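If you read the sequence from its start, that first residue is 1, and numbering goes on from there. The structure displayed is predicted, hence computed values, not measured ones.
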Amino acid sequence: MTESASPYIAQPRIMVLGVQPGTPPFRIMEIDGEIVCEARTITDVLTTAALYGITVHDLDDPDVVRWVGGDKFTWHRR
């Protein structure tokens, strides 16, 4: 297998982990592998990214944000 034939795996700076139980539920947010906050909304993700100097233009871009255990609309346990 050549390098060009191997699958591309994005290593985004921002990772939003699965929903955690709480009142209200939250998602742990990491930037550059470091836990930075408990995000409760998309706005929390964008605001925290901006505090770290990251401008997010597209929350669906896997090169920018990796959503684990759901997508940008998943904020409650199923």
Side-chain angles (χ1 to χ4, degrees):
M1 179 194 279
T2 64
E3 189 174 300
S4 63
S6 62
Y8 173 74
I9 299 174
Q11 294 292 333
R13 293 186 65 195
I14 301 170
M15 186 171 332
V16 183
L17 304 177
V19 178
Q20 301 298 311
T23 308
F26 63 92
R27 297 178 77 168
I28 295 172
M29 182 175 169
E30 295 181 359
I31 294 180
D32 297 330
E34 182 179 328
I35 296 173
V36 294
C37 79
E38 294 177 358
R40 288 174 169 69
T41 64
I42 293 173
T43 304
D44 291 344
V45 173
L46 295 171
T47 303
T48 303
L51 289 173
Y52 282 80
I54 303 169
T55 303
V56 178
H57 295 287
D58 182 1
L59 286 167
D60 293 320
D61 184 351
D63 290 332
V64 177
V65 181
R66 179 167 180 214
W67 299 94
V68 179
D71 61 11
K72 65 184 177 189
F73 299 115
T74 306
W75 293 98
H76 297 282
R77 294 195 95 149
R78 296 177 187 183

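With sequence neighbours left out, Val56 forms a side chain to side chain contact (heavy atoms under 4.5 Å, CB included) with Ile14, Leu46, Ala49, Ile54, Leu59, Val64, Val65. Legend: residues meeting salt bridge (charged side-chain N to carboxylate O under 4.0 Å, His left out) with Arg40, ordered by chain and number and at least two apart, are Glu38. With sequence neighbours left out, the side chain to side chain donor-acceptor pair (under 3.5 Å) criterion links Asp71 to Thr74. Residues satisfying the salt bridge (charged side-chain N to carboxylate O under 4.0 Å, His left out) test with Asp58, not counting sequence neighbours, are none.
Between Pro25 and Trp75 the shortest heavy-atom distance is CB-O, 3.6 Å.
The hydrophobic clustering, which links ILVMFWY residues whose side-chain heavy atoms are closer than 4.5 Å, places Tyr52 and Ile28 apart. When hydrophobic clusters are built by joining Ile, Leu, Val, Met, Phe, Trp and Tyr residues whose side-chain heavy atoms come closer than 4.5 Å, directly or via intermediates, Met29 is not grouped with Phe26. Hydrophobic cluster membership differs between Leu51 and Met15, with clusters built from Ile, Leu, Val, Met, Phe, Trp and Tyr side chains linked at under 4.5 angstrom. The same ILVMFWY cluster, assembled from side-chain heavy atoms under 4.5 Å apart, contains both Val68 and Ile35.
Residue pairs satisfying the side chain to side chain donor-acceptor pair (under 3.5 Å) criterion with at least one member in residues 20-37, sequence neighbours excluded, are listed as follows: Arg13-Asp32.
Hydrophobic cluster membership of Val19, counting Ile, Leu, Val, Met, Phe, Trp and Tyr whose side-chain heavy atoms lie under 4.5 Å apart directly or via other members: none, as it forms a cluster of its own.
Side-chain contact between Pro12 and Asp63: absent, with no pair of heavy atoms (C-beta onward) separated by less than 4.5 Å.
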